[in-house]
Amino acid sequence: MLANKKILLCVTGGIAVYKAVALVSKLSQAGADVKVVMTESAREFVQPLSFQVMSHNDVYTDTFDEKDSAVIAHIDLADWADLIIVAPATANVIGKLANGIADDMVTTLLLAATSPVWIAPAMNVHMYEHPAVLRNIDRLSRDGYRFIEPSEGFLACGYVGKGRLEEPERITELVGRFFGQHDDRPLLGKKVIVTAGPTLERIDPVRYISNFSSGKMGYAMAEAAAALGADVVLISGPVAIDPPAGVHIEHVESAAQMLDAVLAHYGSADYVVKSAAVADYRPKAAHPHKMKKKEGDSVLELERTTDILKTLGEQKTHQCLIGFAAETNDAVAYGKGKLQSKNLDWIVVNDVTDPGGGFGSDSNVVTLIGKDGTERTFPAMEKKRLAGELLALIAAKGSDAQ
Ligand code: CTP
């Protein structure tokens with residue numbers, strides 16, 4: 001499955017180092033050529049010999065231990081790899097990488113790397129939730145690093161929570177998908193961000209402005225993307241439906257929070273499906289206390305929110321951007337305008353007055369418009385089936401940018 005694939009595993013110091021030995025074994029069994037670099041702290045937990053035996057390769061630990069005088073080891077290793085995985089990744093290595101610090105073999109070669117780098121954190125739940133760690137993860141995500149999220153469960157420190165290194169079998173499966181092995185699902189190994197539901201803009205602690213979006217279309221898009229093989233990050237406003245299995249969900253409330261959440265994943269995303277009904281305006285002042293009624297009329301001053309999709313369009317490098325437009329008249333003409341003004345690859349347009357679809361409904365009638373000139377109207381069908389058909393067509397065509 002992974003024959004001819006060269007994988008460099010960077011092992012940093014945590015109790016989960018023992019699982020990294022199993023990971024080398026799994027990757028090697030799958031046919032990959034695996035080389036291992038360890039930090040000094042990692043060597044406190046497991047001897048390099050274990051990795052050497054499992055990988056049938058030399059293990060590197062010291063930047064200045066040049067095994068081959070013809071090359072410089074940290075540059076040579078970085079160039080050699082098709083994929084680099086940091087597992088387990090401690091808070092320390094994440095912090096160093098986020099700040100460009102290179103003070104040992106692992107951090108030095110990571111700065112020299114040009115291949116994709118995946119980071120699989122493992123640490124105490126409180127460390128994982130520390131604002132500094134979250135900030136560093138956020139920064140690295142924006143820089144294009146891909147994270148293999150830790151799972152929840154019993155931690156070696158005695159706590160129960162998020163922080164366990166993902167299982168070696170699962171990481172190996174993700175690597176297989178990344179190299180396009182396994183099966184022929186069109187979004188295999190692709191990272192897809194889906195936004196869904198309404199946003200909620202607070203007026204005061206008990207009141208807000210929102211809209212009637214049910215989130216059904218967005219959740220259907222997330223489910224369809226996962227079924228087509230994608231790694232899905234579903235960023236959802238407040239809705240009353242359960243998330244589909246197998247997607248990573250992040251809950252947000254306001255347009256500003258949705259913008260931050262999307263940007264955190266944007267650098268490493270291949271597709272963004274922007275099905276959320278984002279508020280265009282929010283109250284200018286959010287009152288800290290409940291506003292009291294007064295005699296006479298009241299005027300609520302509103303200010304514009306950031307247009308998330310437009311921002312993504314402006315910052316687009318390689319991503320395929322899919323917008324949604326809910327219209328009540330001249331739907332296709334308005335959709336084409338938004339496709340262009342927001343620099344999208346695709347837009348899904350629907351006339352919300354159509355009896356076959358709209359907010360809250362289980363079905364939808366849409367026209368998919370591509371910047372390549374594709375224009376296809378789908379008959380009324382269940383949102384889940386429609387989501388699958390839309391994504392299959394989009395995945396088959398890709399985007400011009402890709
Ligand atoms: N969108 C966004 N951020 C906003 C507003 C909208 O990302 N602040 C996205 C939606 O998720 C959707 C698309 O933009 O994919 C909708 O386009 P938009 O022109 O904003 O639609 P409307 O808000 O309905 O705009 P208009 O009132 O101009 O028709």
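Side-chain atoms are counted along with the backbone in the values below, which use heavy atoms only and exclude waters and symmetry mates. One-based numbering, in listed order, for ligands and for the atoms of each. What you are looking at is a predicted structure, and each value in this text was computed from that prediction instead of being measured. Starting from 1, each residue takes its place in the sequence as its number.
Qualifying side-chain contact (heavy atoms from CB on, under 4.5 Å) partners for Val239, counting only residues two or more places apart in sequence or in other chains: Pro198, Tyr219, Ser236, Ile241. Scanning for ring pair (Phe, Tyr, Trp, His ring centres under 6.0 Å) contacts around His126 gives Tyr159, with sequence neighbours left out.
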List the atom pairs, donor and acceptor, that lie under 3.5 Å between side-chain atoms in residues 292-308 and the rest of the protein, sequence neighbours left out.
from	atom 1	to	atom 2	distance (Å)
Glu303	OE2	Arg282	NE	2.9
Arg304	NE	Asp280	O	3.4
Thr305	OG1	Ala279	O	2.6
Thr305	OG1	Asp280	O	3.3
Asp307	OD1	Leu309	N	3.2
Asp307	OD1	Lys310	N	3.1
Asp307	OD1	Lys342	NZ	3.4
Asp307	OD2	Lys342	NZ	2.8

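Within 4.0 Å of ligand 1, protein heavy atoms come from Lys274, Ala276, Val278, Ala279, Asp280, Thr305, Thr306, Asp307, Ile308, Leu309, Gly323, Phe324, Lys338, Lys342.
For the pair Asp65 and Lys67, the salt-bridge criterion is met [side-chain N within less than 4.0 Å of a carboxylate O]. A salt bridge does not link Glu149 with Arg170: none of the charged nitrogens is closer than 4.0 Å to a carboxylate oxygen.
Counting only distance, with no hydrogens or angles, the side chain of Asn211 and the backbone of Ser213 share a donor-acceptor pair below 3.5 Å.
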